[in-house]
**Student:** 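Structure in structure tokens, see below.
Letters go in sequence order (proteins before strands), and every chain restarts at 1.
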2 protein chains.
Amino acid sequence: MDAKEILKQHIAKTAKLTDEQFDYVFSHFKPQSYKKGQVVISEGSRVDYEYFVVSGCLKAFFVNDEIKMYILQFAMPTWWSSDYGALYNQTRATINIDCITDAEVLCLSNDDREKICSELHPVEHFFRWRTNRGYLASQKRLLSFMNNDTKARYEELLALYPQLYNLVPKHLIAAYLGVSRETLSRLYNTHK
Amino acid sequence: MDAKEILKQHIAKTAKLTDEQFDYVFSHFKPQSYKKGQVVISEGSRVDYEYFVVSGCLKAFFVNDEIKMYILQFAMPTWWSSDYGALYNQTRATINIDCITDAEVLCLSNDDREKICSELHPVEHFFRWRTNRGYLASQKRLLSFMNNDTKARYEELLALYPQLYNLVPKHLIAAYLGVSRETLSRLYNTHK
DNA sequence: TTCCGAAAGTGACCTACATCACGTAACGCC
DNA sequence: GGCGTTACGTGATGTAGGTCACTTTCGGAA
């Protein structure tokens, strides 16, 4: 299945578009290929696009004091990623995004999103729901952070994305969970 | 300024509505008064409404094992609050909302929101942006959780809502920060 | 005013996790 | 193939914050 079809089915889940409407929407997306390790957004740079992942896996992360890295999101296929704060407010990026694996994405500029949102009501509807799902996921993760210990969060993460265990190095999983790589290592080696 | 005017100005910041359009939108909101301590949503119950705070302060919280409480949000005037997971997915509430002070709110049902969103494009636009702001706030808080220690988060919170210090009991602030009330107490008493 | 329950302070102790330090295994790349 | 870089395991030690137990302060109702 090609990028266009993947996006079409993804949108169709929340908004009804005619084929012509979708073709028009799709014409605003720019396909892009990245190699493993390539940088998509780096802190301090301008942010003009958001990214729809077609294949591969990105990570959105924040680096504190040039030392500690915290992963905000692993972006898998059909996920969206960007520095939305910078994108919406037209400010410089405060987070980074790069590629954990080779990846294909579709880029949508901020201006084009606002344009197609205002031109096509169902598109605005789609983006409202997409954002809502992101909001709910974020709240859920926040709760999990406060409520669960590291081990529980680790199991929760693997239950949600079983692929992740083989796909990404362990220290990235630790950075997502917000613990040191040593602690994570001990977690599944000491007991079990 | 009355509830209607407060909502009108709030919406006007992100969407242009004519007076007639706003009157129509407003007709779907139901004003409601609550006393301090009254319950708005309780875990396990049905969730039919979201709430726009006109005056007073609500808290949205989760209780673990009937013991520990975690506060997801203090809802101040012009903030929205609900169990959005339950509201959007038509499931039972997983969180609670009650009133820290006497409060006036405007209630909007899920059906009515979807109705006015589909009838009026600018309304859909407004709700997309509102949700987006919530998403960004939630991400920011998540980052702060991973990155900052308790003291830094405490100061961050007070910088954001100076009113909170006098308005809500300290153990609720502790529940927002995700630490025990004892730890919070020591925080501003030992050094300072 | 008195009284009671809730909120807040405080000491003693314990635990989960960070940090530092070092060793080993796995992988690109010349 | 050899070699450096990155990932991962593991011990020793320090510390922030949790938990428990008790005391003190405060705010509202009779």
Side-chain angles (χ1 to χ4, degrees), chain A residues 35-39 57 59 61-71 74 98-102 142-158 163-192, chain B residues 35-39 57 59 61-71 74 98-102 143-158 164-192:
Chain A
K35 286 286 169 195
K36 175 177 175 174
Q38 251 190 293
V39 171
C57 181
K59 68 172 193 282
F61 61 104
F62 173 77
V63 177
N64 158 315
D65 304 330
E66 321 278 308
I67 297 179
K68 274 182 265 178
M69 176 177 74
Y70 299 102
I71 294 184
F74 291 114
D98 66 17
C99 300
I100 295 179
T101 67
D102 290 358
L142 185 65
L143 247 184
S144 174
F145 232 94
M146 297 200 278
N147 192 25
N148 301 131
D149 63 10
T150 303
K151 193 180 171 221
R153 292 210 310 285
Y154 172 66
E155 280 156 8
E156 191 175 63
L157 177 63
L158 287 195
Q163 332 87 303
L164 227 55
Y165 188 84
N166 305 311
L167 191 61
V168 317
K170 305 278 174 290
H171 73 270
L172 293 185
I173 293 184
Y176 182 93
L177 296 174
V179 295
S180 68
R181 53 169 208 82
E182 292 95 329
T183 297
L184 180 63
S185 172
R186 281 184 251 267
L187 205 61
Y188 46 72
N189 285 320
T190 65
H191 48 206
K192 156 355 192 318
Chain B
K35 286 286 169 196
K36 176 176 177 175
Q38 251 189 295
V39 171
C57 182
K59 68 172 194 281
F61 61 104
F62 173 77
V63 177
N64 159 316
D65 306 330
E66 320 280 308
I67 297 179
K68 274 182 264 178
M69 177 176 74
Y70 299 103
I71 294 184
F74 291 114
D98 66 18
C99 301
I100 295 179
T101 67
D102 290 357
L143 247 185
S144 174
F145 232 94
M146 298 200 279
N147 193 25
N148 301 131
D149 63 10
T150 302
K151 191 175 172 228
R153 293 209 310 284
Y154 172 66
E155 279 156 8
E156 193 175 63
L157 177 64
L158 288 195
L164 227 54
Y165 189 84
N166 304 312
L167 190 62
V168 316
K170 304 276 172 291
H171 72 269
L172 293 185
I173 293 182
Y176 182 94
L177 296 174
V179 296
S180 68
R181 51 167 210 84
E182 292 96 330
T183 297
L184 180 62
S185 171
R186 281 185 251 268
L187 205 61
Y188 47 71
N189 284 322
T190 66
H191 47 205
K192 129 57 187 301

**Student:** In this structure, how many angstroms lie between the P atom of dG17(D) and the CG atom of Asn148(B), rounded?
**Tutor:** 11 Å
**Student:** Of the listed nucleotides (dC17(C), dG9(D), dG9(C)), which one gets closest to any side-chain atom of Ser185(B)?
**Tutor:** dG9(C)
**Student:** I need the CG-P distance between Asn64(B) and dG18(D), as an integer number of Å.
**Tutor:**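 In whole Å, dG18(D) P lies 14 Å from Asn64(B) CG.
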**Student:** Are OP1 or OP2 of dT19(D) and a side-chain N or O of Lys68(B) less than 4.0 angstrom apart?
**Tutor:**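 For dT19(D), OP1/OP2 do have a side-chain N/O of Lys68(B) under 4.0 Å.
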**Student:** Is there a donor and acceptor pair, one atom on the side chain of Arg186(B) and one on the base of dG11(C), closer than 3.5 Å?
**Tutor:** yes
**Student:** Are Asn147(B) and Lys68(A) side-chain neighbours, meaning at least one heavy-atom pair lies under 4.5 Å?
**Tutor:**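 When only atoms from C-beta onward are counted, Lys68(A) and Asn147(B) do not touch, as no gap falls below 4.5 Å.
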**Student:** Quick one: Leu167(A) CG to dA7(D) P, roughly how many Å, whole number?
**Tutor:** 14 Å
**Student:** Under the 3.5 Å rule, do the base of dC20(D) and the side chain of Glu182(B) count as making a donor-acceptor pair?
**Tutor:** yes
**Student:** Is any side-chain nitrogen or oxygen of His171(B) closer than 4.0 Å to OP1 or OP2 of dA8(C)?
**Tutor:** yes
**Student:** Taking the side chain as everything from C-beta on, heavy atoms only, tell me whether Lys59(A) gets closer than 4.5 Å to Val168(A).
**Tutor:** no
**Student:** Do any side-chain nitrogens or oxygens of Thr150(B) fall under 4.0 Å of OP1 or OP2 in dG17(D)?
**Tutor:** yes
**Student:** Specify whether Tyr165(A) and Tyr188(A) have parallel, tilted or perpendicular ring planes, treating 30° as the upper limit for parallel and 60° as the lower limit for perpendicular.
**Tutor:** perpendicular
**Student:** With DNA chain C as reference, determine whether Lys170(B) or Lys36(A) sits nearer its 5' end, using the nearest nucleotide of each.
**Tutor:**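 The residue mapped nearer the 5' terminus is Lys170(B).
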**Student:** Specify the separation, in whole Å, of atom CZ of Arg153(A) and atom C1' of dC17(C).
**Tutor:** 11 Å
**Student:** Tell me: CG of Leu187(A) to C1' of dC17(C), nearest whole Å?
**Tutor:**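 Result: 11 Å.
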**Student:** Would you say that more than 12 heavy atoms from the other residues, nucleotides or ligands in this model lie under 6.0 Å from the NZ of Lys36(A), or not?
**Tutor:**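 No.
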**Student:** Arg181(B) CZ to dC22(D) P: how many Å, rounded?
**Tutor:**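 Value for this atom pair: 14 Å.
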**Student:** Looking only at side-chain N and O atoms, does Tyr188(B) come under 4.0 Å of OP1 or OP2 in dA8(C)?
**Tutor:** no
**Student:** Could you tell me whether Asp102(A) and Lys35(A) have a side-chain N and a carboxylate O separated by less than 4.0 Å?
**Tutor:**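 Counted as a salt bridge, because a side-chain N and a carboxylate O are separated by less than 4.0 Å.
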**Student:** How many Å lie between CG on Asn166(B) and P on dA8(C), as a whole number?
**Tutor:** 12 Å
**Student:** In whole angstroms, how far is the C1' atom of dC8(D) from the CG atom of Asn189(A)?
**Tutor:**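 Distance check: Asn189(A) CG to dC8(D) C1' gives 9 Å.
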**Student:** Does dG18(D) have its OP1 or OP2 closer than 4.0 Å to a side-chain nitrogen or oxygen of Thr183(B)?
**Tutor:**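 True: Thr183(B) side-chain N/O within range (under 4.0 Å) of dG18(D) OP1/OP2.
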